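What you see is a predicted model, and the numbers here were worked out from it, not measured in a lab. Letters go in sequence order (proteins before strands), and every chain restarts at 1.
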Amino acid sequence: MRIATWNVNSLRSRIDRVEAFVQRHDIDVLALQETKAREDQLPLMGLQALGYDIAVAGLNQWNGVALLSRVGLEDVEVGFSDMPGWGDPVAAESRAIGATCGGVRIWSLYVPNGRKPDDPHYTYKLDWLARLRATASGWLDGETALVGDWNICPTDDDVFDVKQFAKSTHVTPPERAAFQGFLDDGYAEVTRAHDAGYTYWDYYRQRFERDRGLKIDFVLASPTLASRVTGAFIDRDERDPAQGTGSPSDHAPVVVDLG
DNA sequence: ATGGTAGGATGCCTA
């Protein structure tokens, strides 16, 4: 089984690339983030014609997550979408959607960005991660995958210039500790060993062309699932403006193979 | 300290 995760930065504007991507790599399950639209706004007929069942969560223009699966899509659940103290409608944020696909419980996660270390959104990010960790620690016995845009660079190697991020989110010790907490609990990050490259490059200043990126998209697997991983890779071609149809997302997809 | 680009509920907010 081949699963993938991709922050598409608007599924509407990326639909041609998504359809080409799943076909080119023979993807069984695809977790999407930043879909940026309601389900009724999305042109999903092409993907359905390719055999994918689709579950979408998210009502606003910034977030939204989705799961596509051609190996079953059962027990769909939306979670971790509330924003305490913000007063936002729960469904609007929709930062996580989970389902059982081919016997594997897969969560598509869009971890809050945090904006700035002194911003309330940063506190919210840490709180969100703590709540996810507390719940996810109960899923370690099964075959569980926590995939998506973690908005954290776990090591200095995951930033093109760590000095430039001295006053930024993504690299602060509390964020890194939050990520490490999942590993301490028993989850394994299963992509780095196969592909240590970046997964995100900002649109401006030709960051992709100069390979000045961040590694922030990860696949965390429970022990039994991690033992099934046979390979992984980052599809940089999908971030390349010179390749494919239409403009690229600022993230590249991450693909994981299970034996 | 600022600005650069992209997407959408577009002349502003978020990433």
Whole angstrom value for the distance that separates P of B/dG8 from CG of A/Asn9:
8 Å
So, using side chain to side chain contact (heavy atoms under 4.5 Å, CB included) as the criterion, who are the partners of A/Gln164 when residues are at least two apart?
A/Phe160, A/Asp161, A/Arg207, A/Arg212
For atom C1', what is the distance between B/dT14 and B/dG4, given to the nearest Å?
15 Å
Whole-angstrom distance between B/dG7 and B/dT2, as gauged at atom C1':
22 Å
Within this structure, what is the NZ-to-C1' distance between A/Lys116 and B/dC13, rounded to whole angstrom?
13 Å
Rounded to whole Å, please give me the gap between CG in A/Leu11 and P in B/dG7.
13 Å
Can you see whether A/Asp16 engages A/Thr245 through a side-chain donor-acceptor pair at a distance of less than 3.5 angstrom?
no
Measure the distance from OH on A/Tyr204 to C1' on B/dT14 and round it to the nearest whole Å.
12 Å
Whole-Å distance between B/dA15 C1' and A/Lys36 NZ?
6 Å
Between B/dG7 (P) and A/Asn7 (CG): distance, integer Å
12 Å
Value in whole Å for how far the C1' atom of B/dA15 lies from OH of A/Tyr122
18 Å
Where the side chain of A/Tyr110 is defined as all heavy atoms beyond and including C-beta, which of B/dG4, B/dA6, B/dA15 is the nearest nucleotide?
B/dA15
If I take atom CH2 in residue A/Trp201 and atom C1' in nucleotide B/dA15, what distance separates them, rounded to the nearest angstrom?
17 Å
Roughly how far apart are A/Leu220 CG and A/Leu146 CG, rounded to 0.5 Å?
6.0 Å
OP1 or OP2 of B/dG3 under 4.0 Å from side-chain N/O of A/Arg205
no
Does A/Arg14 place a side-chain N or O at less than 4.0 Å from the phosphate oxygens OP1/OP2 of B/dG7?
yes
Between B/dG8 and B/dC13 - C1' atom distance, rounded Å
9 Å
Dot-bracket summary - DNA chain B, pairs being Watson-Crick or G-U whose distances fall under 3.5 Å, with | when paired to another strand:
....(((.....)))
Taking only side-chain nitrogens and oxygens of A/Ser247, does any of them come within less than 4.0 Å of OP1 or OP2 of B/dG7?
yes
Pick the P atom in B/dT10 and in B/dG3, then give their distance to the nearest Å.
25 Å
Have A/Lys36 and A/Asn9 got a donor and an acceptor in their side chains that come within less than 3.5 Å?
yes
Suppose you measure atom C1' in B/dA1 against the same atom in B/dA6; what distance do you get, rounded to whole Å?
23 Å
Aromatic rings A/Trp107 and A/Trp139: how do their planes relate, parallel, tilted or perpendicular, breaks at 30° and 60°?
parallel
Between the side chains of A/Gln33 and A/Ser108, does any donor sit under 3.5 Å from an acceptor?
yes
Out of B/dA15, B/dT5, B/dG8, which has the shortest distance to the side chain of A/Ser13?
B/dG8
Is the closest side-chain donor-acceptor distance between A/Arg176 and A/Thr155 under 3.5 Å?
no
5' precedence on DNA chain B between A/Lys167 and A/Tyr200 (nearest-nucleotide basis)
A/Lys167
What pairs with A/Ala252 under side chain to side chain contact (heavy atoms under 4.5 Å, CB included), at least two apart in sequence or on another chain?
A/Trp201, A/Ile234, A/Arg239
Check: B/dG4 base within 3.5 Å donor-acceptor of A/Arg207 side chain
no
